[in-house]
Protein chains: 2
Amino acid sequence: MRISELSRRSGVSVTTIKYYLREGLLPAGRQTAATQAEYDEHHLRRLRLVRALTGVRGLSVSATRELLGALTELTGDTHRQLGLVLGSLRLAEEPAAEASASGDVDALVEELGWDVHESAPARTALAETLTSLRSLGVPLDWHTLVPYARLAERTAVLDLDQLGGIEDPLEMAERALLLTVLLEPALLALRRLAQENESARRHAGD
Amino acid sequence: MRISELSRRSGVSVTTIKYYLREGLLPAGRQTAATQAEYDEHHLRRLRLVRALTGVRGLSVSATRELLGALTELTGDTHRQLGLVLGSLRLAEEPAAEASASGDVDALVEELGWDVHESAPARTALAETLTSLRSLGVPLDWHTLVPYARLAERTAVLDLDQLGGIEDPLEMAERALLLTVLLEPALLALRRLAQENESARRHAGD
DNA sequence: GAAACTGGATACCTCTACTGTCTAATATAG
DNA sequence: CTATATTAGACAGTAGAGGTATCCAGTTTC
């Protein structure tokens, strides 16, 4: 298909598609002539993924590009790499300030017995949260996070269970990305609802 | 204290503080003369809160204003209102498109037996996630979310346990806001690490 | 009484995510 | 084969967000 059909089928304007091509969010089509290129179903799927990440999840174009970049690095041994890909996904934009609480994070990971990469961006994100909460006068040390981490473990089991039965490695990686990133607002929403419910429950006992 | 001291103690420039005053993120100081106003510790605390929400959490100025607005509505019966405040916090920016999956969310809440407000924004966020995942070809129905919700329940218990021992209602509400909102990136980071770990664990069995 | 500071208003700046327009080449319909 | 539409690629322009800078008249401090 050509660009106009891609636009029609995705609901994204031609100019915006060109913008995504320029920005590297979408791989170039197969050139058939100097002013002609051919796109396929993969481009359509990728385009919808981009819209989901930027629109639903509110990611910036550069953050989206980074996430998608992780996908293409996935070549060999799928299952092992999947973990690395998930682990290497960046969480926020910031170029990571001083990680003054990284010692606490190391201790936490040690206590949990987790096998995670030394340079996983999530470690930095954790350290930053600890640091900023402390600077706001909330006395939170890493021991407090242990029970949260145990619940996260069980969440991860649910997550990986969702990926069963997918054969194509690229498709599985895309699915993993979707479930990891797009489920985030849903999990936070469940937490908020659960907090409201729990607060009501505790009040009822008065 | 005057604005320059507020600036010095918070590390936020005077012009930016003026901007926050204009935008309603910070209450005005007590006017002492036509060109003079007095600020106190409460302003400093609020200013740090604003920086944490916009900086660490990456919230927009308007989203931050809304969250802070919820704080000031907290007047009477603390514990009951706390749940409502937490429940009423908006999650994202979007003015909520059509909630085509709201029926599923109702069914989910019913199944869980949760006592949550009918118009909680988190319901909309959930519905949107379901809708967008489906439009991307991920067959996710609300039953899949039940185990996630059970884990969210236990997370909420941990959250509310953190709030014990705080007397002042406003301070407790501020703490609740901090723990709810600033812990979010940390919880997501834990999930990513847990995924990486779980993936490694499953691979080890090959 | 002079220098420094203040609140308030307004203009300006930078970045992001697009959007519009142009050009030369190509496709398609008659 | 010609007229019309479409295309890739380049580049300028736009709107909104989040500040930043400047100016002013009043106020404080010395």
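All chains are named by letter (A, B, ...) in the order of the sequence lines, taking the proteins before the strands, and each is independently numbered beginning at 1.
- Per the geometry, CD belonging to A:E38 stands 11 Å off P belonging to D:dT7, to the nearest Å.
- Atom-to-atom, CZ of B:R8 to P of C:dT6 comes out at 10 Å; the value is rounded to the nearest Å.
- Within the 4.5 Å cutoff, no side-chain heavy atoms of A:E184 are placed close to those of B:E184.
- Of the options B:L187, B:L151, B:T155, a side-chain contact (heavy atoms from CB on, under 4.5 Å) to A:T155 is made by B:L151 and by none of the others.
- A donor atom on one side chain and an acceptor atom on the other are not found under 3.5 Å apart for B:D40 and B:H42.
- Between B:Q36 and A:Q36, the residue whose closest nucleotide on DNA chain D is further toward the 5' end is A:Q36.
- Here B:Q31 reaches the OP1 or OP2 of C:dG8: one of its side-chain N or O atoms lies under 4.0 Å away.
- As rounded to whole Å, 5 Å separates atom P of D:dG18 from atom OH of B:Y19.
- For A:R123 (side chain) and B:L193 (main-chain N/O), no donor-acceptor pair under 3.5 Å exists by modelled atom type.
- The listed nucleotides are C:dA17, D:dA21, D:dG19; the one nearest the side chain of B:V61 is D:dG19.
- Residue-level contact check: B:T16 touches the backbone only, with heavy atoms under 4.0 Å from sugar-phosphate atoms and none from bases.
- Under 3.5 Å, the side chains of A:Y20 and A:R51 contain a donor-acceptor pair of N or O atoms.
- If you measure from atom CD of A:E5 to atom C1' of D:dT6, you get 13 Å, rounded to the nearest angstrom.
- C:dA17 atom P lies 16 Å from atom CG of A:L21, rounded to whole Å.
- Atom P of nucleotide C:dT23 and atom NZ of A:K18 are separated by 14 Å, given to the nearest angstrom.
- In this structure, B:S13 reaches the D:dT20 phosphate: one of its side-chain N or O atoms is under 4.0 Å from OP1 or OP2.
- B:D104 pairs in a side-chain contact (heavy atoms from CB on, under 4.5 Å) with only one of the listed residues (B:L145, B:L126, B:V109, B:L130), which is B:L130.
- The neighbour count for B:R8 CZ, taken as heavy atoms of other residues, nucleotides or ligands under 6.0 Å away, is above 12.
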Look for any protein N or O under 3.5 Å of an N or O in nucleotides 12-14 of chain D and output each such pair with its distance, or none.
none

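- Of the residues near DNA chain D, B:T54 and B:A34, the one whose nearest nucleotide (by heavy atom distance) lies more toward the 5' end is B:T54.
- Between the P atom of C:dT6 and the NE2 atom of B:H43 lies a distance of 15 Å, rounded to the nearest Å.
- Atom OH in B:Y20 sits roughly 18 Å away from atom P in C:dG8 (whole-Å rounding).
- Of the side-chain N and O atoms in B:T35, none sit less than 4.0 angstrom from OP1 or OP2 of C:dG8.
- Closest-nucleotide positions on DNA chain C for B:S4 and A:R2 were compared, and the one nearer the 5' end corresponds to B:S4.
- The shortest distance between the side-chain N/O atoms of B:S62 and the OP1/OP2 oxygens of D:dA17 is not below 4.0 Å.
- The phosphate of C:dG7 has neither OP1 nor OP2 within less than 4.0 Å of any side-chain N or O from B:R30.
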Task: Check against side-chain hydrogen bond (donor to acceptor under 3.5 Å, both in side chains), B:W114 and B:E153 - done: CA-CA 10 Å; B:W114 283 0; B:E153 274 177 347; 2.6 Å; yes
